[in-house]
Every structure is written in structure tokens, then in C-alpha cells.
Undergrad: 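Can you read through this structure? Questions will come right after.
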Amino acid sequence: MLRNNHYEAAFEDFIRSRGWPYVPVDEQRRAIFGGARIKSFDFIVYRPGESAWIVDSKGRKMETEPGRRSSHRQNWVTREDLEDLRRWHGVFGERFEPVLVFVYWYPEWSDIGRDEHVHLFRNRWYHFGYISASQYDRYARQRSKSWDTVFLPADAFRTLFRPLN
């Protein structure tokens with residue numbers, strides 16, 4: 001994890017506040033498996049009574065139009081993110097589930113929906129949710145060919161996104 005990344009620091013504070021055991025991963029170096037470099041993930045999270053997670057966290061600022069709440073959350077990732085989570089799953093095995101954790105930062109309190117569970121960290125409000133990397137990959141659509149990014153259409157995102165609360 002990157003300690004100077006406020007999204008990752010907020011997520012670490014959130015899982016610590018829940019008492020979930022976790023291991024932050026040093027992202028300074030890429031691992032090498034079979035001669036190929038593989039992107040590091042951010043955390044291993046041991047959820048009580050559940051499978052452990054291999055977490056790649058994705059921080060997104062909630063942008064809203066003046067006078068309106070945003071109904072669609074940015075959820076794009078790179079193909080590399082998904083491919084490397086799949087590789088890590090092969091390394092760790094079936095007892096570890098690769099997930100994308102989306103960390104949404106709300107710059108304005110008024111932008112937060114009534115049903116949102118938020119976490120206050122360093123005077124900022126965050127909302128956390130996750131999607132299984134394999135489910136995300138199944139429904140992903142190309143966003144940018146040149147950047148090799150994908151996203152979930154709004155309906156698929158609403159169906160697959162699970163809040164952490």
C-alpha cells in the first residue's frame with residue numbers, strides 16, 4: 001500500500017476499526033513470477049468467518065453536478081489490474097478471493113446519500129464497497145483502448161457492488 005495515498009490510508013483505518021486482521025503490501029517493488037513482472041495488490045484482509053481477500057483498492061473522488069447528487073460512480077480499472085489479481089489468485093489459492101475495493105471520497109457532506117454508510121478519516125468522508133474481480137471481469141466493457149481500461153455499466157455496477165459497512 002502507499003502510505004501517502006489518502007484512499008488507501010482511509011481503507012486501512014476502516015479495516016482496522018472493524019478489527020479485521022490484515023497485511024498491507026509494499027508496492028515499491030513488483031514481484032516476478034515465471035520471469036514476468038506482476039503488479040502488487042494493496043492488502044490481504046482476513047475477514048472473520050469468510051474467505052481472505054486479495055485487495056486492489058481503487059480511490060475515486062465523488063464528483064457531482066451543482067445542485068445534483070451523482071448517480072453513477074466511476075469504477076474503471078485497467079486490464080492489468082484484473083490480469084494480475086488473477087495471477088495472485090493462482091499463487092495464493094482458492095482460500096483467497098481477489099477483490100476490487102472502491103474507496104469513494106465525498107468532498108462535500110451534502111453529496112452523501114441518506115443510505116450511505118460513511119467512514120470519517122482525517123476530516124474526510126469515505127464510502128467503501130467491493131466487487132469480486134472475477135465478476136467484474138465477466139461484465140466489464142472497454143473504456144479506453146489506448147489506456148487499456150475497462151468499466152462496469154451502471155446497471156451491472158449497482159448489481160455487483162457490495163457496500164462495506
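These numbers were taken from a predicted model, which means no experiment stands behind them.
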Undergrad: Strictly by modelled atom types, are Tyr106 and Arg124 linked by a side-chain donor-acceptor pair under 3.5 Å?
TA: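 On atom types as modelled, these side chains do not qualify, holding no pair under 3.5 Å.
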
Undergrad: Taking the side chain as every heavy atom from C-beta outward, state whether Arg60 and Trp76 have any pair of such atoms under 4.5 Å apart.
TA: yes

Undergrad: Taking Tyr130 as the fixed residue, which of Trp53, Phe43, Tyr104 is the one that meets the ring-ring contact (aromatic ring centres under 6.0 Å, His included) rule?
TA: Trp53

Undergrad: In terms of hydrophobic clusters joined by side-chain contacts under 4.5 Å, are Ile54 and Val23 together?
TA: yes

Undergrad: Where do Tyr7 and Lys61 come nearest, in terms of heavy atoms and distance?
TA: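 Result for this residue pair: OH-N, 3.4 Å.
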
Undergrad: How long is the straight-line distance from CD of Gln74 back to CE of Met62, given to the nearest 0.5 Å?
TA: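 CD of Gln74 is found 9.0 Å from CE of Met62.
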
Undergrad: Side chain of Asp84, backbone of Lys39: donor and acceptor closer than 3.5 Å?
TA: yes

Undergrad: Going through the distances and angles, do Asp13 and Arg18 end up as a salt bridge (Lys or Arg N to Asp or Glu O under 4.0 Å)?
TA: CA-CA 9 Å; Asp13 186 69; Arg18 298 297 184 267; over 6 Å; no

Undergrad: Between Leu160 and Leu152, what is the shortest heavy-atom contact and its length?
TA: CD1-CD1, 4.1 Å

Undergrad: To the nearest 0.5 Å, what is the distance between CZ (Phe151) and OG (Ser144)?
TA: 11.5 Å

Undergrad: Between Arg16 and Glu12, is there a side-chain N and carboxylate O pair less than 4.0 Å apart?
TA: yes

Undergrad: What I'd like to find out is whether the side chain of His127 reaches to under 4.5 Å of the side chain of Pro163, using heavy atoms alone.
TA: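 Counting from C-beta outward, His127 and Pro163 do come under 4.5 Å.
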
Undergrad: Any idea which heavy atoms bring Val103 and Ser57 closest together, and the distance?
TA: CG2-CB, 4.5 Å

Undergrad: Between the main-chain N or O of Tyr139 and the side-chain N or O of Arg141, is there a donor-acceptor pair closer than 3.5 Å?
TA: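 Between the backbone of Tyr139 and the side chain of Arg141 there is a qualifying donor-acceptor contact (under 3.5 Å).
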
Undergrad: Do the side chains of Val118 and Leu120 join up, straight or via other hydrophobic residues, at under 4.5 Å, putting them in one cluster?
TA: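 Shared cluster, yes.
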
Undergrad: Identify the heavy atoms of Trp20 and Pro48 that sit nearest to each other, and give their distance.
TA: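 Reported closest heavy-atom pair: CD1-CD, 3.5 Å.
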
Undergrad: CG of Leu82 to CZ of Arg138: how many Å apart, nearest 0.5 Å?
TA: 12.0 Å

Undergrad: Knowing that exactly one of Val99, Leu85, Asp81, Leu100 qualifies, which makes a side chain to side chain contact (heavy atoms under 4.5 Å, CB included) with Tyr136?
TA: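 The passing option is Leu100.
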
Undergrad: Test side-chain contact (heavy atoms from CB on, under 4.5 Å) on Ile131 and Arg162 and set out the steps.
TA: CA-CA 6 Å; Ile131 299 175; Arg162 299 286 177 254; over 6 Å; no

Undergrad: Is a donor from one side chain sitting under 3.5 angstrom from an acceptor on the other, for Thr78 and Asp148?
TA: no

Undergrad: Looking at Phe92, is its backbone amide N or carbonyl O close enough to the side chain of Arg95 to form a donor-acceptor pair, meaning the two atoms are under 3.5 Å apart?
TA: no

Undergrad: Which atoms form the tightest heavy-atom contact between Ala10 and Phe128, and what is the distance?
TA: O-CZ, 3.6 Å

Undergrad: Kindly say whether the aromatic ring centers of Tyr126 and His119 come within a distance under 6.0 Å.
TA: no

Undergrad: Over 60° means perpendicular and under 30° means parallel, so classify the ring planes of Phe157 and Phe102, tilted if in between.
TA: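 If you compare the ring of Phe102 with that of Phe157, the planes turn out perpendicular.
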
Undergrad: Taking all non-hydrogen atoms of both residues, which atom of Val150 and which atom of Gln142 are closest, and how far apart?
TA: CG1-CA, 4.2 Å

Undergrad: Looking at Trp88 versus Phe96, is the centre-to-centre ring distance below 6.0 Å?
TA: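 Between Trp88 and Phe96, the centre distance exceeds or equals 6.0 Å.
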
Undergrad: Report the distance from atom CD of Glu80 to atom CD1 of Ile38, rounding to the nearest 0.5 Å.
TA: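 These two atoms lie 9.0 Å from each other.
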
Undergrad: What orientation do His6 and Trp105 show, parallel under 30°, tilted 30 to 60°, or perpendicular over 60°?
TA: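 The rings of His6 and Trp105 stand perpendicular, inter-plane angle above 60°.
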
Undergrad: Under the 3.5 angstrom rule, does the side chain of Arg86 hit a backbone N or O of Pro98 as a donor-acceptor pair?
TA: no

Undergrad: Begin with the C-alpha distance, continue with both residues' side-chain angles, and end with the deciding distance and a verdict on side-chain contact (heavy atoms from CB on, under 4.5 Å) for Val55 and Phe41.
TA: CA-CA 6 Å; Val55 173; Phe41 52 91; 5.9 Å; no

